Amino acid sequence: MAAEFAGAHYQDLPLRCRRCDSGFVFTAAQQRQAFEVRKAYIWQQRTLCAECWQQRLALTGELRQLKSRWRAQRATLKRDIAALRRWRELLRQLPFYGCRQDLAQIAMLERLLDADDRREVVLG
């Protein structure tokens, strides 16, 4: 039923990237691929240009690796300050790519980093 709204012919749609504000085209071929082959939601619209989309994929991939590492090596990762800072930075970048910010994870990382800072002050 939703496919009825798509029409028989797709047209190239000029759009603006929500992150870098550059213009890009959501081509008729890309629309067909998205809606007919991948079965994406019919009202879905691209919001990121190809370059920003690749950056988002890299960012979310790195986040997945950190979460996996956390599940497997929590005790070790708690002491890896560089990894914790990187994880926090990646989480802070998510909203710029159209993702929701995970405030709970950011708060957890802030607590871990604050605890490390306090430990350095006591030992220093």
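Note that the structure is predicted; figures quoted are calculated from it, not measured.
- Taking CG of Leu109 as the start and CD of Glu89 as the end, the distance is 11.5 Å to the nearest 0.5 Å.
- Taking both residues in full, the closest heavy atoms of Cys49 and Cys20 are given as SG-SG, 3.7 Å, listed atom of the first, atom of the second, then distance.
- Using a 4.5 Å heavy-atom threshold, the side chains of Leu84 and Asp80 count as separate.
- Within a 6.0 Å radius of CZ in Phe24, more than 12 heavy atoms belonging to other residues, nucleotides or ligands are found.
- Annotation for Cys17 and Leu48: closest pair SG-CA, 3.8 Å, computed over non-hydrogen atoms.
- Atom CD of Gln30 and atom CZ of Phe35 lie 10.5 Å apart (nearest 0.5 Å).
- Of all heavy-atom pairs between Asp12 and Ala28, the closest is OD1-N, 2.7 Å.
- Atoms CZ and CG, on Arg86 and Leu91 in that order, are 10.5 Å from each other to the nearest 0.5 Å.
- Taking 4.5 Å as the limit, every side-chain heavy atom of Gln55 sits out of range of all side-chain heavy atoms of Gln93.
- Taken to the nearest 0.5 Å, the CZ atom of Arg111 stands 12.0 Å off from the CD1 atom of Ile106.
- Side-chain contact between Phe96 and Gln101: absent, with no pair of heavy atoms (C-beta onward) separated by less than 4.5 Å.
- Here the side chains of Trp53 and Tyr97 are not in contact, with every heavy-atom distance at 4.5 Å or above.
- Across all their heavy atoms, Ser22 and Arg16 have their closest contact at C-NH1, 3.4 Å.
- Scanning all heavy atoms of the two residues, the minimum distance from Arg19 to Cys52 falls at NH1-SG, 3.6 Å.
- Distance check: Arg18 CZ to Arg46 CZ gives 14.5 Å after rounding to the nearest 0.5 Å.
- Two residues are said to be in side-chain contact when any heavy atoms from C-beta on lie closer than 4.5 Å; Leu13 and Thr27 fail this criterion.
- Side-chain contact between Arg100 and Leu94 is absent, with no heavy-atom pair separated by less than 4.5 Å.
- Screening Glu62, Gln105, Arg85 against Leu90 for a side chain to side chain contact (heavy atoms under 4.5 Å, CB included) leaves a single residue, Glu62.
- Between Arg56 and Cys99 there is a side-chain heavy-atom pair separated by less than 4.5 Å.
- A heavy-atom distance below 4.5 Å is found between the side chains of Trp70 and Met108.
- A donor and an acceptor atom, one from each side chain of Tyr10 and Gln33, are nowhere located under 3.5 Å apart.
- Ionic pairing of Glu110 and Arg92 is present here: one or more N-O contacts between side-chain nitrogen and carboxylate oxygen are shorter than 4.0 angstrom.
- Side-chain heavy atoms closer than 4.5 Å link hydrophobic residues (I, L, V, M, F, W, Y) into clusters, and following such links, even through other members, never connects Leu15 to Val25.
- Counting non-hydrogen atoms of other residues, nucleotides and ligands closer than 6.0 Å to CD of Gln73 gives a total above 12.
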